Visitor: 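If you scroll down you'll find the structure; I have some questions about it.
Each ligand, and each atom within it, is numbered from 1 in the order the structure gives. What's counted below: heavy atoms across the whole structure, side chains too, no hydrogens, waters or symmetry copies. No experiment lies behind these values; they were computed from the predicted model shown.
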Amino acid sequence: MSDIKKRLSSILESPKQSTEEKLQKVCQLLDQEISYFNWTGFYFKNGDKNELKLGPFVGAPTDHIIIPYGKGICGQVAVSNETFVVPDVYAQENYLSCSIDTKAEIVVPIFKNGENIGQIDIDSHKINPFTEEDKEMLQWLCEEIGKII
Ligand code: SME
């Protein structure tokens with residue numbers, strides 16, 4: 001297992017912290033360790049509404065606290081149930097801008113008992129920065145989060 005996965009695991013396994021605290025630490029670790037992760041946060045289904053609500057994050061404050069299903073990259077992942085890698089956000093029509101500095105985005109869904117309950121969202125100030133390794137690591141992370149949530 002890679003060093004970053006080991007560190008993420010130890011955050012998620014920590015018995016003393018709430019889920020909220022763990023997710024905040026996950027954001028901090030990813031933000032610190034991967035230079036081109038410039039906004040890292042979680043969105044979760046807002047009760048029984050077909051919308052996402054912002055959870056723990058690290059990065060500039062965003063106007064997008066609530067995102068209706070289908071809107072933007074995040075809202076599309078809420079309905080597609082699939083990882084969405086966007087190498088250039090300006091090439092995307094259905095995109096909600098958070099910051100003029102953001103050039104690329106990756107969103108990975110989180111499943112609990114087969115249901116899409118939320119996602120991790122990462123913005124980058126670099127064009128096309130995300131590697132297959134990043135995608136694999138984030139999908140692994142979201143599976144681990146699905147187990148503790
Ligand atoms: N860009 C996202 C909105 C959330 S912010 O990036 C934090 C989207 O298009 O869904």
Side-chain angles (χ1 to χ4, degrees), residues 4-5 7-9 11-12 17-149:
I4 197 152
K5 282 187 182 170
R7 292 169 69 191
L8 289 164
S9 277
I11 292 172
L12 296 179
Q17 285 170 330
S18 67
T19 302
E20 197 84 357
E21 287 167 329
K22 290 177 187 179
L23 296 182
Q24 187 67 50
K25 292 212 156 150
V26 164
C27 293
Q28 282 160 0
L29 180 66
L30 292 174
D31 181 75
Q32 274 163 23
E33 293 302 312
I34 305 182
S35 62
Y36 49 87
F37 284 14
N38 303 118
W39 189 96
T40 299
F42 290 94
Y43 283 94
F44 288 99
K45 183 169 167 63
N46 191 14
D48 56 8
K49 297 183 189 153
N50 281 335
E51 63 184 30
L52 295 162
K53 187 174 178 207
L54 182 63
F57 71 96
V58 168
T62 173
D63 288 340
H64 304 296
I65 311 290
I66 299 286
I67 300 178
Y69 276 25
K71 294 266 172 180
I73 311 302
C74 296
Q76 291 180 75
V77 169
V79 291
S80 74
N81 302 326
E82 281 175 13
T83 296
F84 198 170
V85 183
V86 182
D88 175 5
V89 293
Y90 292 104
Q92 270 292 320
E93 277 175 26
N94 189 357
Y95 166 67
L96 300 169
S97 175
C98 249
S99 147
I100 50 160
D101 297 322
T102 298
K103 298 202 171 64
E105 180 159 358
I106 181 170
V107 177
V108 178
I110 299 170
F111 297 96
K112 172 92 190 162
N113 301 326
E115 189 197 343
N116 184 345
I117 56 153
Q119 50 191 240
I120 192 166
D121 175 18
I122 293 160
D123 290 354
S124 179
H125 296 169
K126 255 179 90 177
I127 289 233
N128 196 17
F130 304 113
T131 64
E132 269 306 307
E133 202 185 353
D134 294 333
K135 184 173 155 183
E136 187 276 324
M137 182 270 290
L138 293 170
Q139 287 177 333
W140 168 86
L141 171 63
C142 287
E143 272 176 37
E144 296 302 302
I145 290 171
K147 294 176 194 165
I148 62 133
I149 223 158

Visitor: Return the minimal non-hydrogen interatomic distance between Trp39 and Ala60, and the atom names on each side.
Guide: NE1-O, 2.9 Å

Visitor: What part of Gln76 sits under 4.0 Å from ligand 1 if we count only heavy atoms: the side chain, the backbone, both or neither?
Guide: neither

Visitor: What heavy-atom pair brings Cys142 and Ile120 nearest, and what distance separates the two atoms?
Guide: SG-CG2, 3.5 Å

Visitor: Trp39 heavy atoms, cut-off 4.0 Å: which ligand 1 atoms fall inside?
Guide: 7 (C)

Visitor: Any nitrogen or oxygen of Asn94, side chain or backbone, less than 3.5 Å from one on ligand 1?
Guide: no

Visitor: Among all protein non-hydrogen atoms, which one is nearest to atom 3 (C) of ligand 1, and what is the separation to 0.1 Å?
Guide: Leu96 O, 3.5 Å

Visitor: How does Asp123 reach ligand 1, if at all, at less than 4.0 Å between non-hydrogen atoms: by side chain, backbone, both, or neither?
Guide: side chain

Visitor: Which heavy atom of Phe84 sits nearest to which heavy atom of Ile73, and what is that distance?
Guide: CD1-CG2, 3.6 Å

Visitor: For a 4.5 angstrom cut-off between non-hydrogen side-chain atoms, does Gln17 reach Gln24?
Guide: no

Visitor: For ligand 1, which is the ligand I care about here, please tell me if Ile73 has any N or O atom under 3.5 Å from one of the ligand's N or O atoms.
Guide: yes

Visitor: Does any non-hydrogen side-chain atom of Phe130 lie less than 4.5 Å from one of Val86?
Guide: no

Visitor: Quick one: does Ser99's side chain get under 4.5 Å of Asp123's, heavy atoms only?
Guide: no

Visitor: Is the contact between Cys74 and ligand 1 made by the side chain, the backbone, both, or neither, using heavy atoms and a 4.0 Å cut-off?
Guide: both

Visitor: Any salt bridge between Lys147 and Glu144, counting N to O under 4.0 Å?
Guide: yes

Visitor: Hey, is Tyr43 touching ligand 1 through its side chain, its backbone, both or neither, going by heavy atoms under 4.0 Å?
Guide: side chain

Visitor: Considering only heavy atoms of Tyr95, which atoms of ligand 1 have at least one such atom less than 4.0 Å away?
Guide: 1 (N), 9 (O)

Visitor: Answer with side chain, backbone, both or neither: which part of Asp121 has a heavy atom less than 4.0 angstrom from an atom of ligand 1?
Guide: side chain

Visitor: Less than 4.0 angstrom from a charged side-chain N to a carboxylate O is my criterion; do Arg7 and Glu33 meet it?
Guide: yes

Visitor: State whether the shortest distance between N or O atoms of Glu105 and N or O atoms of ligand 1 falls below 3.5 angstrom.
Guide: yes

Visitor: Polar-atom distance check: Ile67 versus ligand 1, any N or O pair below 3.5 Å?
Guide: no

Visitor: Measuring from Phe37:CZ to Ile106:CD1, what's the distance to the nearest 0.5 Å?
Guide: 7.0 Å

Visitor: In ligand 1, which numbered atoms sit nearer than 4.0 Å to a non-hydrogen atom of Cys98?
Guide: 4 (C), 5 (S), 6 (O), 7 (C)

